[in-house]
Every structure is written in C-alpha cells, then in structure tokens.
A.B. asks: 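Starting off with a structure, shown below.
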Amino acid sequence: MPELPEVETIKLGLQKYLIGHRIEGVDVRLPKIVQGNVKDIEGGKVIAVRRFGKGLVIDLDNDYSIAIHIKLTGQLIYRGPNLRQKVKLSKKVGGSLPNKWTHVIFKLKSQPVRQAQDKKTKVKSATQNSKATDAYLYYNDIRQFGWIRIVESSKLKDLSFFRDLGPEPPVTMSIGVQPLTLELFKKIVNSLNTAIKPLLMDQKRIGGIGNIYANDALFDAEIDPGRKAKSLSDAEIKKLYNSILKVLKIGLREEGASELSFVNALGEEGSYQNHFLVYGREGQKCKRCNGIIKKIILGGRGTYFCPNCQK
DNA sequence: TGATATGTTATCTT
DNA sequence: CAAGATAACATATC
C-alpha cells in the first residue's frame, strides 16, 4: 500500500518535474475528491513539494497549497516537457491518460527553458519566453478514497490529518514532522498496552508506516505482531526500531511496492514487492526458519508472521 | 456471486 | 477519556 517509501517516491518525482510549472486550470471530474476552491490555485507557480507521513503537499507561490492523500489507490502522474523520452505507463495506470479513473486534471504551463538557448540564439529570447509548453498532472484513483484539499499554506496545520500526525522514522533527507528517535519510540511503545502492530500503523502515534512495512519490520525484528507493546524489552524495542528504519530504507531504494495501484510520478512501478519479507506470504515457507507463514487479523488488518521465529 | 483487500475516519462499545 | 471493535468508503480481483 502507499506508505512512507511510496509517497516519498512520488514526492521526489513531483519535485523533479513539477517545480516551476504554473497552474493554468483544474478539471475536477469527480467533485467529492476535491475540497476547497480550485480558483485559488489558478495562476500559482509550484515552488515546493513536501511529504508529511503518507500525506503530500504541493506549495505554490501565491500562499496556497494543495494537500493530497492518495490513500489506497491514488496516483499522481506527470505528463509534460520535463519528461524524458520513452516513459512507458504501467498497466496499473489503466491505459492512456486521462482514463476512466482520472478524477482530477491539473493543467500546467512549464516555464520557458532559459538555459536551453545557446549563445548564438540569444536574440531569440523574446520568442523563447512565449514558448512555455503544456503539461498535465493527472490524479487517478480506482477506489476514490483519496482526497485533494486546496488550502492556504499557513493553514495546512489545521487539517486534521497533518495536525494529528505522529513523529516519523527518519529515513529521508528532510522530514516535515518531528523525527521518531529511539528514545521517543521507546516512550511510545512502553506506554501502550495495545498490540505492537496496530500501534506501528497508528498514524497519530507514528507517521508513515502501513501494513506492508509494519509486517516486514516485525518479521525482521523477530517479534510477534500480537505482542502487547508494553511487554517489549528495551532490547526488543531497539531491534524493532532498527528494523523499521531498515525496511523503510529498502522500500525507498526499491522506489516503493507496486501492490494495488502504486506507480511513481511518471506512471512506473516500484519493486519492493519483489522483496517482501513476510507480507502476502501466507502458507509459504519462512525466509529465516522452517516455519510456515500464518495470516491473522489484527486491528482489522491482514497480518502475516512466522509463528516459529517471531516471538 | 460473493468474499476479500485496504488507510483513514466515524461511530459505537467497553 | 482511552482504547478496542466495527463499519463505511469503492471497486478490481480472486
């Protein structure tokens, strides 16, 4: 599912391709996805793209921001002049864009490419300036759970999702929320009597971890997902903390897991799904011992673990 | 055909 | 009030 590594992958793509583009207009095909007034972002230029947990923010130069949560099946796909040649859309996009799952289209104009002109053509700068090209950012969402909110940049913190987001594991260059240090993690884990896995996935306590990485981190740390958080020893907490950072980093390296509909900002798949430690491996052999991976429901979510080596 | 999957939020129960 | 359970959302896929 789209979790920290997946959303970070999209963020990096948008940073690369979207910054400098001006929003010409927004075509909202499914109104329930968008809240706020799209007129507020028309004419605004993209100056930054940020990520908070699993949430994305596109900042404009007119003091408005676009806050986005892709939930389970959202996709943000860029098409425009910054694209390198031959980018093949994944099948998960559902055909050429826009398609029946495209609910919002941001129509953009790229800024003129100044450095592209060489010395000889300096004279042409006037025409060059008028040569901004069209670009598009498509929001696709099969299950329509995601949301896009137009909000004044200064009021982002008022959105409940951002306001209530817990500290997140420090695995990227810059993070928008408080970093989850080992000390902080210890404090959170020690103070709660809930099962450890639902705790890892609780965005209000820890930001960015979802079902895939929670399962894999607990497997890596050899901890039973159903253990009460309070019952973990300091050594186990430390091990789990390191496992969380480890699996998230591998997820980042693999540019996310293309489970369900995840694709990056160019519509390409990630590859962490080829590296799952336990996630989705019900009935298969444990990668560490002879155990058979079992699936249970914890906190209403599918939970995979090896009863033989996760204690 | 019907069960399943899932992140987040809302609502109800304990 | 905290925390757990459950449902709701929507739809492709098995």
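All figures in this text were calculated on a predicted structure; none of them were measured in a lab.
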A.B. asks: Does B:dT6 have OP1 or OP2 sitting under 4.0 Å from an N or O in the side chain of A:Tyr279?
C.D. replies: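 For B:dT6, OP1 or OP2 has a side-chain N or O of A:Tyr279 closer than 4.0 Å.
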A.B. asks: Looking only at side-chain atoms of A:Ile142, point me to the closest of C:dA12, B:dT9, C:dA10.
C.D. replies: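 So the side chain of A:Ile142 is nearest to C:dA12.
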A.B. asks: Is there a side-chain polar atom (N or O) of A:Thr194 under 4.0 Å from OP1 or OP2 of C:dG4?
C.D. replies: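 Answer yes for this pair, as a side-chain N or O of A:Thr194 is under 4.0 Å from OP1 or OP2.
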A.B. asks: Compare side-chain N and O positions of A:Arg205 against OP1 and OP2 of C:dA3 and report whether any pair is under 4.0 Å apart.
C.D. replies: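 Yes, because at least one side-chain N or O of A:Arg205 sits under 4.0 Å from OP1 or OP2 of C:dA3.
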A.B. asks: What is the distance from CD of A:Gln203 to P of B:dT6, rounded to the nearest Å?
C.D. replies: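 Answer to the nearest Å: 15 Å.
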A.B. asks: If you compare every side-chain N and O of A:Arg301 against the phosphate oxygens of B:dG7 (OP1, OP2), does one of them come in below 4.0 Å?
C.D. replies: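 Yes.
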A.B. asks: OP1 or OP2 of B:dT8 versus the side-chain N and O atoms of A:His69: is any pair under 4.0 Å?
C.D. replies: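 For B:dT8, OP1/OP2 do have a side-chain N/O of A:His69 under 4.0 Å.
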A.B. asks: May I ask you to establish whether A:Arg288 and A:Phe219 are in a cation-pi arrangement, using a distance under 6.0 Å from NZ or CZ to the six-membered ring centre and at most 45° from the ring axis?
C.D. replies: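 The answer is yes; both the distance and angle limits are met.
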A.B. asks: In whole angstroms, how far is the C1' atom of B:dT8 from the CZ atom of A:Phe162?
C.D. replies: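 About 13 Å, once rounded to whole Å.
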A.B. asks: Should A:Lys32 be listed as having a side-chain N or O under 4.0 Å from OP1 or OP2 of C:dA10?
C.D. replies: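 Checking C:dA10 against A:Lys32, a side-chain N or O does come within under 4.0 Å of OP1 or OP2.
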A.B. asks: Do the non-hydrogen side-chain atoms of A:Lys71 and A:Arg143 ever get within less than 4.5 Å of each other?
C.D. replies: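 No, every pair of side-chain atoms sits at 4.5 Å or beyond.
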A.B. asks: Assign the ring pair A:Tyr279 / A:Phe276 to parallel, tilted or perpendicular, where the plane angle (0 to 90°) is split at 30° and 60°.
C.D. replies: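 The arrangement is perpendicular - the two ring planes meet at more than 60°.
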A.B. asks: Does a nitrogen or oxygen in the side chain of A:Trp147 sit under 4.0 Å from OP1 or OP2 of B:dT9?
C.D. replies: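 Checking B:dT9 against A:Trp147, no side-chain N or O comes under 4.0 Å of OP1 or OP2.
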A.B. asks: Expressed as a whole number of angstroms, how long is the span from A:Glu259:CD to C:dT13:P?
C.D. replies: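 Checked: the CD to P distance equals 13 Å.
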A.B. asks: From B:dT6, B:dT8, C:dA12, pick the nucleotide closest to the side chain of A:Lys100?
C.D. replies: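 Minimum distance to the A:Lys100 side chain belongs to C:dA12.
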A.B. asks: Going by atom types only, do A:Asp141 and A:Thr73 share a side-chain donor-acceptor pair under 3.5 Å?
C.D. replies: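 Judged by distance alone, the side chains do pair up.
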A.B. asks: Going by atom types alone, do A:Tyr213 and A:Glu6 pair a side-chain donor with an acceptor below 3.5 Å?
C.D. replies: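 A pair is found: one side chain offers a donor N or O, the other an acceptor, under 3.5 Å apart.
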A.B. asks: Between A:Ala195 and A:Phe145, which is nearer to the 5' end of DNA chain C once each is assigned its nearest nucleotide?
C.D. replies: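 Nearest nucleotide further toward 5': that of A:Ala195.
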A.B. asks: Please determine whether residues A:Val247 and A:Leu182 belong to a single hydrophobic cluster, defined as Ile, Leu, Val, Met, Phe, Trp and Tyr linked transitively by side-chain heavy-atom distances below 4.5 Å.
C.D. replies: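 A:Val247 clusters together with A:Leu182.
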A.B. asks: Of the nucleotides C:dA12, B:dT9, B:dT6, which has the atom closest to the A:Lys204 side chain?
C.D. replies: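 Taking heavy atoms from C-beta onward, the closest nucleotide is B:dT9.
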A.B. asks: May I have the distance from A:Asn215 (atom CG) to B:dG7 (atom P), rounded to whole angstrom?
C.D. replies: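 Answer to the nearest Å: 10 Å.
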A.B. asks: Base, sugar-phosphate alone, or nothing: which one does A:Asn211 contact when heavy atoms must sit under 4.0 Å apart?
C.D. replies: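 Sugar-phosphate contact only.
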A.B. asks: Taking the nucleotide of DNA chain C with the closest heavy atom to each, which residue, A:Gly300 or A:Leu192, is nearer the 5' end?
C.D. replies: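 It is A:Leu192 whose nearest nucleotide is closer to the 5' end.
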A.B. asks: What is the separation between atom CG on A:Leu72 and atom P on C:dT13, rounded to the nearest whole Å?
C.D. replies: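 My rounded result for the distance is 15 Å.
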A.B. asks: Can you check the A:Asp164 CG to B:dT9 C1' distance for me, whole Å?
C.D. replies: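 Computing the A:Asp164:CG to B:dT9:C1' distance gives 11 Å.
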A.B. asks: What is the separation between atom CG on A:Asp202 and atom C1' on B:dT8, rounded to the nearest whole Å?
C.D. replies: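 Taking atom C1' of B:dT8 as the reference, CG of A:Asp202 is at 11 Å.
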A.B. asks: Nearest-Å distance, NZ (A:Lys54) to P (B:dG7)?
C.D. replies: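 The distance from NZ of A:Lys54 to P of B:dG7 comes to 6 Å, rounded to the nearest Å.
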